[in-house]
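Right, one structure below, let's go through it.
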Amino acid sequence: MKQITTYIIKHKLLKAYVTNKPSENAPDISYSTNFGRAREFDGLDNSKIDMNDHIAIRKTVTEQVEYEEVSHE
């Protein structure tokens with residue numbers, strides 16, 4: 001079974017989600033109130049987000065593959 005974990009970052013005080021990947025060169029954070037526009041982070045990104053002002057929401061997707069023999073009748 002394969003699992004993929006990503007994170008969505010939400011502002012603590014606002015119902016707004018991070019939609020970009022801020023860095024040292026471009027430190028501005030963009031937000032959207034639309035959850036569907038939230039950017040997913042894999043935890044390995046070199047993003048510069050002050051987590052004192054934000055909450056991480058973990059998203060785990062589990063992929064399960066099943067095989068079953070079928071008869072030809």
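We find the CG-NZ distance between Asn25 and Lys48 to be 10.5 Å, quoted to the nearest 0.5 Å. Of the inter-residue distances, the one linking Tyr31 atom OH with His54 atom NE2 reads 2.5 Å to the nearest 0.5 angstrom. Interatomic distance, Thr33 OG1 to Lys10 NZ, rounded to the nearest 0.5 Å: 11.5 Å. Taking CG from Asp53 and CG from Leu13, the interatomic distance works out to 7.5 Å, rounded to the nearest 0.5 Å. Atom CD in Glu40 sits 11.0 Å away from atom OG1 in Thr5 (nearest 0.5 Å).
Note on Val18 and Met51: same hydrophobic cluster, where clusters join Ile, Leu, Val, Met, Phe, Trp and Tyr whose side-chain heavy atoms are under 4.5 Å apart, directly or indirectly.
Side-chain atoms of Thr19 come within 3.5 Å of backbone N or O of Ser30 as a donor-acceptor pair. Proximity of a side-chain donor or acceptor of Lys12 to a complementary backbone N or O of Asn52 within less than 3.5 Å is detected. Here the side chain of Asn20 pairs no donor or acceptor atom with the backbone of Ala26 at under 3.5 angstrom.
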Practice item. Could you walk me through whether Ile29 and Ile49 pass the side chain to side chain contact (heavy atoms under 4.5 Å, CB included) test, one step at a time? Key: CA-CA 8 Å; Ile29 298 176; Ile49 299 175; 4.3 Å; yes

Exercise for review: Using the side chain to side chain contact (heavy atoms under 4.5 Å, CB included) rule, take Tyr7 and Asp42 through it: C-alpha gap first, then chi angles, then the decisive distance, then the call.
Suggested key: CA-CA 6 Å; Tyr7 300 89; Asp42 64 7; over 6 Å; no

Review point. When you look at Ile4 and Lys59, which way does the side chain to side chain contact (heavy atoms under 4.5 Å, CB included) test go after all the steps?
Key: CA-CA 8 Å; Ile4 300 170; Lys59 174 185 172 185; over 6 Å; no

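For the pair Arg37 and Phe35, the cation-pi test (distance below 6.0 Å, angle within 45°) is failed.
When all heavy atoms are compared, the tightest approach of Pro22 to Pro27 is CB-O, 3.7 Å. For Tyr17 against Ile8, the heavy-atom pair with the smallest separation is CD2-CG2, 4.0 Å.
A heavy-atom distance below 4.5 Å is found between the side chains of Thr60 and Gln3. By the 4.5 Å heavy-atom criterion applied to side chains, Thr6 and Arg58 are not counted as neighbours.
Shown here is Lys2, whose NZ atom has no more than 12 heavy atoms of other residues, nucleotides or ligands within 6.0 Å.
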